[in-house]
Amino acid sequence: MQYDKQRRTLSMSAQPNASSLEIRTFGSFEEIQALNQFEVNAPLNPANYKRLFGDYHLPEKVRCCVQKENGKLCEEPHNHGWLVERADGKLTLVGGDCGVNKFGADRRLMIDLSHYRNEKARQERIASLSEALTAKSERLGALGKMQADVKALESRMQKTTSQFGLLTARRLQDMVRTRRYEVFITATRQRTETDSNGHTTYENSSFQHRLGSLAALDLVTAGAFNALYDAVNDIVRAYELAETLIKEPDLRRKSKQVNAVAGRLQQYAGSIQEGQRLLDLERKFFENDFSLFCFLTKDKNERAKAAMLAMSRLGKKSEKIEPGNWLAKREANIKELLQVQSISIG
């Protein structure tokens, strides 16, 4: 068959009126079969195309009924496609890809597909907006409780991290920024040799040693907390806008605003998840080996502060031992383990 000539003689269908465009989405082949107009293997070509009837997303595969130029059906198996009405009123199947690649040369279908997709997206946004408003009280309550819990967590973390010195805090911020959480030291082993004349030479060899890794460091900076608070505040403001927007007599004229507000309200689930993530990190943070905080800077005073915190976490704060002496003992254990003469930071 020669469809090109037929296309030229066919008048262009009028663009569908979005206000009267009905969205029909089918989730099973049984639903489609139940339609009186549906006919299995009904060929579709540009000459008998009338309009787009609906879309389907099926668990099972069905076969495309676009008619090729040799008269045979396309029969491409697919799960997602379009239900199309022919000029004789019969409904038939068009695969999602075939609707564009094989039948898409017919401009009428392309226009109908575009309008259908746009209208479906618009209706889904309005439905999303209405759903969010229905759950407003519940969701804002959940956000408020979660934010209060996270603020309490932030207060507990500030009480802990305030015991670090400025240089240690900056190093922790760098670790968060670079996502590199391992703590290394430089270990130096000294080798001595004495020749036959009694002359002694010393040779030093240095290597890096990984002491361990620090977890849940998102909690030691304000970034993660502030990002969550901003997200919650944005959702609250979006609800205020949604309350006003939903009262508009014709939401069709406010499509951009509806899309923007609905999109912001959809951040609710992600914000709840992020809040829970931060709360779950607290246990991981306090499971850290706090002696690692003593090896983030060379500054003796700051290392002593970190040692005091580590001793407190180990329950040794009440012992009559200076933080510096406790840290020296810790370094001696490391040197003995590595069989080296000295260790350094950096």
Side-chain angles (χ1 to χ4, degrees), residues 15-28 31-32 34-35 51-59 79-83 96 111-155 218 222-282:
Q15 293 187 4
N17 184 349
S19 62
S20 62
L21 182 58
E22 184 175 352
I23 301 301
R24 307 177 185 90
T25 299
F26 301 89
S28 71
E31 292 179 67
I32 297 175
L35 298 171
R51 66 180 179 125
L52 190 62
F53 187 84
D55 63 295
Y56 54 85
H57 307 274
L58 313 178
N79 300 90
H80 313 288
W82 308 98
L83 194 60
I111 292 173
D112 289 351
L113 286 176
S114 176
H115 282 280
Y116 188 93
R117 288 191 181 107
N118 291 340
E119 179 62 13
K120 184 175 182 179
R122 187 190 71 83
Q123 291 186 18
E124 287 174 347
R125 284 294 194 185
I126 293 176
S128 171
L129 197 66
S130 299
E131 179 187 351
L133 284 170
T134 301
K136 176 184 175 183
S137 179
E138 177 186 350
R139 291 185 178 184
L140 290 184
L143 286 172
K145 181 182 181 304
M146 179 271 292
Q147 183 167 260
D149 291 342
V150 171
K151 282 185 176 293
L153 165 63
E154 184 180 23
S155 179
D218 280 355
F225 293 105
N226 289 339
L228 178 63
Y229 301 151
D230 288 344
V232 171
N233 290 336
D234 188 61
I235 293 171
V236 172
R237 289 192 296 269
Y239 264 114
E240 294 172 355
L241 291 172
E243 290 280 12
T244 302
L245 192 58
I246 203 68
K247 297 174 184 177
E248 289 287 337
D250 187 4
L251 283 179
R252 188 178 313 282
R253 298 180 180 276
K254 301 287 184 179
S255 293
K256 289 184 179 180
Q257 293 92 323
V258 169
N259 289 345
V261 172
R264 289 163 67 181
L265 291 177
Q266 286 178 349
Q267 301 306 309
Y268 165 77
S271 296
I272 290 290
Q273 290 174 1
E274 175 61 8
Q276 190 58 53
R277 184 187 75 87
L278 293 178
L279 293 170
D280 292 342
L281 285 180
E282 182 176 21

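- A pairwise comparison of heavy atoms in L265 and A132 identifies CD1-CB, 3.8 Å as the closest pair.
- A distance of 9.0 Å separates OG1 in T25 from CD in Q123, rounded to the nearest 0.5 Å.
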Please tabulate, for side-chain N and O atoms in residues 270-279, each donor-acceptor pair with protein atoms closer than 3.5 Å (sequence neighbours left out).
residue : atom : partner : partner atom : Å
S271    : OG   : Q267    : O            : 3.0
E274    : OE1  : R277    : NE           : 2.9
E274    : OE2  : R277    : NH2          : 2.9
Q276    : NE2  : D280    : OD1          : 2.9
R277    : NH1  : D218    : OD2          : 3.2
R277    : NH2  : D218    : OD2          : 3.2

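- Pairs of residues two or more places apart, or lying in two chains, that qualify as salt bridge (Lys or Arg N to Asp or Glu O under 4.0 Å) and include a residue from residues 258-271 are D234-R264.
- The salt bridge (Lys or Arg N to Asp or Glu O under 4.0 Å) pairs that include a residue from residues 140-149 are K145-D149, where partners are two or more places apart or lie in different chains.
- Legend: residues meeting ring-ring contact (aromatic ring centres under 6.0 Å, His included) with Y239, ordered by chain and number and at least two apart, are absent.
- Annotation: side chain to side chain donor-acceptor pair (under 3.5 Å) contacts of Y56 (sequence neighbours excluded): H78.
- For N118, the side chain to side chain donor-acceptor pair (under 3.5 Å) test picks out no residue, with sequence neighbours left out.
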Q. After noting the C-alpha distance and the side-chain angles of R122 and E119, does the key distance pass the salt bridge (charged side-chain N to carboxylate O under 4.0 Å, His left out) rule?
A. CA-CA 5 Å; R122 187 190 71 83; E119 179 62 13; 2.8 Å; yes
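- In this structure, E31 has no salt bridge (charged side-chain N to carboxylate O under 4.0 Å, His left out) partners at least two apart in sequence or on a different chain.
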Sequence neighbours left out, cut at 3.5 Å: what donor-acceptor pairs do the side chains of residues 134-142 make with other protein atoms?
residue : atom : partner : partner atom : Å
T134    : OG1  : S130    : O            : 2.9
K136    : NZ   : E243    : OE2          : 3.1

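- Atom CE in M146 sits 4.5 Å away from atom CG in L228 (nearest 0.5 Å).
- Atoms CD and CG, on Q257 and L245 in that order, are 6.5 Å from each other to the nearest 0.5 Å.
- The side-chain contact (heavy atoms from CB on, under 4.5 Å) check on Q266 picks up R125, S128, with sequence neighbours excluded.
- A search for side-chain contact (heavy atoms from CB on, under 4.5 Å) contacts involving N226 returns A222, Y229, not counting sequence neighbours.
- Distance CD1/I235 to CG/D230: 11.5 Å, rounded to 0.5 Å.
- In this structure H80 satisfies the side chain to side chain donor-acceptor pair (under 3.5 Å) test together with H57, sequence neighbours excluded.
- To the nearest 0.5 angstrom, L21 atom CG is 8.0 Å from L52 atom CG.
- Remark: K120 pairs with D55 by the salt bridge (charged side-chain N to carboxylate O under 4.0 Å, His left out) rule, at least two apart or across chains.
- Contact record, V261 with A242: CG1-CB, 3.8 Å, taken as the closest heavy-atom pair.
- Distance check: L35 CG to F26 CZ gives 4.5 Å after rounding to the nearest 0.5 Å.
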